[in-house]
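Not measured: the values here are computed from a predicted model. For the numbers below, each heavy atom of this structure counts, side chains included, while hydrogens, waters and symmetry mates do not.
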Amino acid sequence: MKKLIIAAVVVFNAAVVVHLAGSVLAAAVFVVFVAAFLLPACALILRLPHLRTMPPDQRLTAASVLVVLLVVPWFFVRKLVPFAPAIADVVVCLILTGAAMKFGGLRTTLEELGPALRRSRFVVSIVLPVLFALAWLGYGVPAGKDVMFHGLFAIDFGNLVSILSTLRASPLLPLAHITESGPLNYHWLYFTLPAILTDFCGAAIPAFNALILVNLLMASLLVHTVTTVIATFHPEGDRRTARVAMAVVLFAPFTVYYYQMAAARFSLGWLAMPTRNHLMLSPVNSMIVFGNNTFELVLVLFTAMQVERWNRERRLTDLVLGTVALSMVIGYSVTLLFPLAAALIIWLTIGRIARPLLVLTCAVVSGGAAVAMFRAIHVLSSVDSRHAAVAFDRGQFLRIVIFGMLPLWGLLIIAGRQAMTFFHVLIVAAMAVPSFLYIAGSRTGQIDFSMKTGSLLAIAFAPLVAVTIERLLSGSLPRWQATVAAILVALGAI
């Protein structure tokens, strides 16, 4: 029976990949891309001496992050080699696969990673494929003489596909969409990964199919990382607690639609729907459409885990990895850097980070180098008219956070008093930044901070709500609290 279930899951996932890829050939190329390029690279990095000192679940996140970061320079090396990129792909796949089989310790690594992978396997192998497959039904739907793009596909996904196409067409660094308009000033680093997939090993995969497939990979990485954070910061909980808490913060955190419905039908006065900071990006929408934001959330969580490891073990490599991850946030969407940096500064100021002068020095050096690099490659621009400006929103973001995230607040309150953690500070910082900052000179400047910060707020609750989830699953909550918790989660899921 077990083998039959596994076979059914494999067939189902294969069908989903074909659906997302657009053809059997494109799906096969994607499988080769993952199995012969990404996974062997990840297996080799997993065997690095320092990473082998990490718990297996954290090690997998660290290796995956490093692989995604290293893809960026490889994308340009691939363009510069004096032969076809397809030849480079085949050669690199053979080298990586051979090295992984000889030096990667695949059997040992899989045994070590087994418990961590089992925590998230249901969501990764069933829930995410279902969500992506259903959402993809709304992309490019024929309707008579028209072609419809439902949901965020027309507005956001289409723009991101254009970034990917520009990156592919540019001779080296990406150029602007309009001829002779100079370099492209955008956080384009993430799109090098789907750009490689579009012509991997000589295949021709449409840019939009490549992007949705890579977004699926990033969504799987986020699921694993959130589960790892819960297990790391709430070690008392069992595997079921980590799974359920992860599911709540990723798939049932918001009640914004109910708030919008109430505001449209009743006069709420000061509590009315805000005009600034009224939009929050749900983790589900982030995973399906905004893969760069999804990877950025992984970087934020990885930074938090490295801070915890640094405090406990004082290894310089942990400090370096943490500051590098913090610096790389700039290149994947600078918006989330503000609340993360604010939370880290507060955490350091109140004495909760060991050897603060060394940490501050390392962060300044790494951050300064990252800013210089990102300016040089035009991820950051000094000529752009857009800039962060200060203006208090008179509590508008606070309203949307309170009424739009009732499941998470309810579970946090039911958990009772807890010792202050970094995630408490991160939540406060993530609420403060959009309340006081906006992007001047941008048509979307009134919502830029609140949109991305909404998904960060959701995952920041993950280790905190795990306390209530554990008590709920064990049956130790009073009946009325268990009922309230179940209702709030149901509201968030609907």
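Residue pairs meeting the salt bridge (charged side-chain N to carboxylate O under 4.0 Å, His left out) criterion with at least one member in residues 323-340: none, sequence neighbours excluded. Counting only residues at least two apart or on different chains, no salt bridge (charged side-chain N to carboxylate O under 4.0 Å, His left out) pair has a member in residues 425-439. A salt bridge (charged side-chain N to carboxylate O under 4.0 Å, His left out) check over residues 51-72, counting only residues at least two apart or in different chains, returns the pairs D57-R119, R59-E112. Residue pairs meeting the salt bridge (charged side-chain N to carboxylate O under 4.0 Å, His left out) criterion with at least one partner in residues 194-214, sequence neighbours excluded, are R78-D199. Residues in residues 437-459 take part in these ring-ring contact (aromatic ring centres under 6.0 Å, His included) pairs, two or more places apart or across chains: F338-F449.
When all heavy atoms of S220 and V124 are compared, the pair lying nearest together is OG-CG1, 3.7 Å. Summarising the geometry of M54 relative to A62, their closest heavy-atom pair is SD-CB, 3.9 Å, with the distance given to 0.1 Å. Taking every heavy atom of both residues into account, F254 and G454 meet most closely at CZ-O, 3.5 Å. Of all the heavy atoms in V67 and A41, the pair that sits closest is CG2-C, 4.0 Å. Nearest heavy atoms, C42 versus A63: SG-CB, 3.7 Å. Counting all heavy atoms, side chain and backbone alike, S286 lies closest to N293 at OG-ND2, 2.9 Å.
Under the side-chain contact (heavy atoms from CB on, under 4.5 Å) criterion, A363 pairs with T323, sequence neighbours left out. Residues passing the side chain to side chain donor-acceptor pair (under 3.5 Å) test with S327, sequence neighbours excluded: S366. With sequence neighbours left out, V24 forms a side-chain contact (heavy atoms from CB on, under 4.5 Å) with V18. With sequence neighbours excluded, the residues satisfying side-chain contact (heavy atoms from CB on, under 4.5 Å) with T232 are Q58, T228, M305, E308. Take I353 and apply the side-chain contact (heavy atoms from CB on, under 4.5 Å) test, not counting sequence neighbours, and it matches V307, W310, N311, W347, L348, V359.
Screening N215, T294, N292 for a side chain to side chain donor-acceptor pair (under 3.5 Å) involving Y190 leaves a single residue, N215. When the options D89, V34, I205 are evaluated for a side chain to side chain contact (heavy atoms under 4.5 Å, CB included) with V29, the one that passes is I205.
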Would you tabulate the side-chain donor-acceptor contacts of residues 147-155 under 3.5 Å, counting partners in other chains and residues two or more places apart, or write 'none'?
none

Please tabulate, for side-chain N and O atoms in residues 130-143, each donor-acceptor pair with protein atoms closer than 3.5 Å (sequence neighbours left out).
none

Could you walk me through whether W188 and F374 pass the ring pair (Phe, Tyr, Trp, His ring centres under 6.0 Å) check? CA-CA 10 Å; W188 48 261; F374 290 137; 8.7 Å; no
Step by step, work out the side chain to side chain contact (heavy atoms under 4.5 Å, CB included) result for V284 and F251. CA-CA 6 Å; V284 171; F251 303 111; 3.5 Å; yes
Given side chain to side chain contact (heavy atoms under 4.5 Å, CB included), test L189 with I377 step by step and report yes or no. CA-CA 10 Å; L189 300 185; I377 63 176; 4.1 Å; yes
M280 and F397: CA distance, side-chain angles, deciding distance, side chain to side chain contact (heavy atoms under 4.5 Å, CB included) verdict: CA-CA 10 Å; M280 293 196 299; F397 188 57; 4.1 Å; yes
Checking side chain to side chain contact (heavy atoms under 4.5 Å, CB included) for the pair L167/I163: CA distance, chi angles, key distance, verdict? CA-CA 6 Å; L167 188 62; I163 298 295; 5.5 Å; no
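Annotation: side chain of L213 is not in contact with side chain of P194 (no heavy-atom distance under 4.5 Å). Contact of the V379 side chain with the I330 side chain is not registered, since no non-hydrogen atoms from C-beta on lie closer than 4.5 Å. Looking at T317 and L51, their side chains never come closer than 4.5 Å, going by heavy atoms from C-beta outward. Proximity of S64 to L60: side-chain heavy atoms (C-beta onward) are separated by under 4.5 Å at one or more points. The shortest side-chain heavy-atom distance between K452 and P339 does not fall under the 4.5 Å cut-off. Residues F37 and W74 have side chains in contact (heavy-atom distance under 4.5 Å, counting atoms from C-beta outward). A heavy-atom distance below 4.5 Å is not found between the side chains of V329 and V334. Inter-residue side-chain proximity for L193 and L197 is flagged as unmet; no heavy-atom pair is nearer than 4.5 Å.
Ring planes of F233 and F423: perpendicular class, angle over 60° (limits at 30 and 60°).
Side-chain N/O atoms of Q306 and D318 include a donor and acceptor closer than 3.5 Å.
Put simply, the side chain of Q446 never gets that close to the backbone of N277: no donor and acceptor are under 3.5 Å apart. Of the possible polar contacts, one joining the K79 side chain to the S170 backbone as a donor-acceptor pair under 3.5 Å is found. In this structure a side-chain-to-backbone donor-acceptor pair under 3.5 Å is present from N13 to V9. Proximity of a side-chain donor or acceptor of N209 to a complementary backbone N or O of L20 within less than 3.5 Å is detected. Counting only distance, with no hydrogens or angles, the side chain of S450 and the backbone of L279 share a donor-acceptor pair below 3.5 Å. In this structure, H278 contributes its side chain and T275 its backbone to a donor-acceptor pair below 3.5 Å.
One finds the CG atom of L222 at 13.0 Å from the CG atom of L217 (value rounded to the nearest 0.5 Å). The distance from the CG atom of L336 to the OG1 atom of T303 is 11.0 Å, given to the nearest 0.5 Å. Rounded to the nearest 0.5 Å, atoms CG (L66) and CG (L48) are 7.5 Å apart. Here CG of L340 is found 11.0 Å from OG1 of T453. Values are rounded to the nearest 0.5 Å. Atoms OG1 and CG, on T227 and L250 in that order, are 7.5 Å from each other to the nearest 0.5 Å. The structure places CG of L172 at 5.5 Å from CG of L80, a figure rounded to the nearest 0.5 Å.
No more than 12 heavy atoms of other residues, nucleotides or ligands lie within 6.0 Å of CE in M101, so this atom counts as exposed by the packing criterion. Within 6.0 Å of CZ in F76 there are more than 12 heavy atoms belonging to other residues, nucleotides or ligands.
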